[in-house]
Amino acid sequence: MKEEISFFEKVYKVVRRVPYGRVTTYGAVADYLDLGSARMVGWAMNKSFGEDKAVPAHRVVNRKGELTGRNHFSSPTMMQELLENEGIVIQKNTVQQFEKLFWNPSQEL
DNA sequence: CGTTTGACGGTCC
DNA sequence: CGGACCGCCAAAC
């Protein structure tokens with residue numbers, strides 16, 4: 001069998017490795033996979049909804065720790081509640097203690 | 001096959 | 001602080 005691994009499939013793999021209660025950024029994943037563009041990660045996440053395997057897209061935020069992708073979820077508040085459910089504090093659409101919860105694939109993987 | 005799009009990032013003002 | 005602009009690159013149209 002030939003598995004044509006697209007760039008976003010690699011993204012899924014990394015994002016699924018994000019530990020519970022932790023978050024990562026588009027830029028970090030893009031840099032780890034050497035995509036060269038953080039936009040590719042966001043695009044991959046968009047497609048992730050059509051994948052059989054669930055991708056914790058809610059654990060991926062932009063470099064400021066803002067929940068920029070919340071608008072693409074079932075509900076704009078879905079992403080925040082999912083993160084809060086993992087013990088992450090969200091305020092003004094931003095992850096509090098973001099630097100502390102930041103999971104860097106290049107560093108921890 | 002050219003153009004547009006995008007859940008980003010950085011810089012500039 | 002926020003709006004404007006550019007770069008980045010693959011997918012969608």
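Throughout, protein chains are lettered first and strands after them, A, B, ... in sequence-line order, and every chain is numbered starting at 1. Below, each value reflects all heavy atoms present in this structure, side chains not excepted, and no hydrogens, waters or symmetry copies.
Among pairs with a residue in residues 100-109 of chain A, those fulfilling salt bridge (Lys or Arg N to Asp or Glu O under 4.0 Å) read A/Arg22-A/Glu108, at least two apart in sequence or across chains.
Under the 4.5 Å side-chain heavy-atom criterion for Ile, Leu, Val, Met, Phe, Trp and Tyr, A/Tyr26 and A/Phe7 are members of the same hydrophobic cluster. Hydrophobic clustering, with ILVMFWY side chains joined whenever heavy atoms are under 4.5 angstrom apart, groups A/Phe49 together with A/Met79. Under a hydrophobic clustering in which Ile, Leu, Val, Met, Phe, Trp and Tyr are joined whenever their side-chain heavy atoms come within less than 4.5 Å, directly or via other members, A/Val60 and A/Trp43 fall into different clusters.
The separation between A/Lys10 atom NZ and C/dA11 atom C1' is 16 Å, rounded to whole Å. Between A/Tyr26 atom OH and C/dA10 atom C1' there is a gap of 17 Å when expressed in whole angstrom units. Nucleotide B/dA7 holds its P atom 14 Å from the CG atom of A/Leu67, rounded to whole Å. Remark: P of B/dG9 and CG of A/Leu35 are 13 Å apart, rounded to the nearest angstrom. Summarising the geometry, the separation between CG on A/Leu33 and P on C/dC9 is reported as 15 Å, rounded to the nearest angstrom.
Within residues 51-61 of chain A, the residues that place at least one heavy atom under 4.0 Å from DNA chain B are, in residue-number order, A/Ala57. Only at 4.0 angstrom or more do the heavy atoms of residues 77-104 of chain A sit from any atom of DNA chain B, so none qualifies.
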Donor-acceptor list for residues 61-70 of chain A side chains, cut-off 3.5 Å, not counting sequence neighbours:
residue	atom	partner	partner atom	Å
A/Asn62	OD1	A/Lys64	N	3.1
A/Asn62	OD1	A/Gly65	N	3.1
A/Asn62	OD1	A/Glu66	N	2.9
A/Asn62	ND2	A/Glu66	OE1	3.4
A/Arg70	NH1	A/Asn93	OD1	2.7

Subject >> Test log, rule side-chain contact (heavy atoms from CB on, under 4.5 Å), inputs A/Val23 and A/Trp103 >> reply: CA-CA 6 Å; A/Val23 293; A/Trp103 181 80; over 6 Å; no

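The closest side-chain heavy-atom distance from A/His72 to A/Asn46 is below 4.5 Å. With a 4.5 Å cut-off on side-chain heavy atoms, A/Phe8 and A/Val15 do not count as touching. The shortest side-chain heavy-atom distance between A/Thr24 and A/Val14 does not fall under the 4.5 Å cut-off.
Judged purely by atom type and a 3.5 angstrom limit, A/Tyr12 uses its side chain to pair as donor or acceptor with the backbone of A/Ala44. Here the side chain of A/Thr77 pairs no donor or acceptor atom with the backbone of A/Ser75 at under 3.5 angstrom. A side-chain donor-acceptor contact under 3.5 Å links A/Thr25 to the backbone of A/Ala28.
Across C/dA10, C/dC9, B/dA7, the shortest atom-to-atom separation from the side chain of A/Thr68 is found for B/dA7. When the nucleotides B/dG9, B/dA7, C/dC8 are ranked by their closest atom to the side chain of A/Ser48, B/dA7 comes out on top.
Going from atom OG of A/Ser6 over to atom CE of A/Met40 covers 13.0 Å, rounded to the nearest 0.5 Å.
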Output one line per pair: protein atom, nucleotide atom from nucleotides 10-13 of chain B, and distance, for all N/O pairs under 3.5 Å.
residue	atom	partner	partner atom	Å
B/dG10	OP2	A/Arg63	NE	2.6

With the criterion being N/O to N/O and under 3.5 Å, what pairs connect the protein with nucleotides 2-6 of chain B, and how long is each?
residue	atom	partner	partner atom	Å
B/dG6	O6	A/Arg39	NH1	3.2

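Listed pair A/Lys47 / C/dA12 meets the phosphate criterion, a side-chain N or O lying under 4.0 Å from OP1 or OP2.
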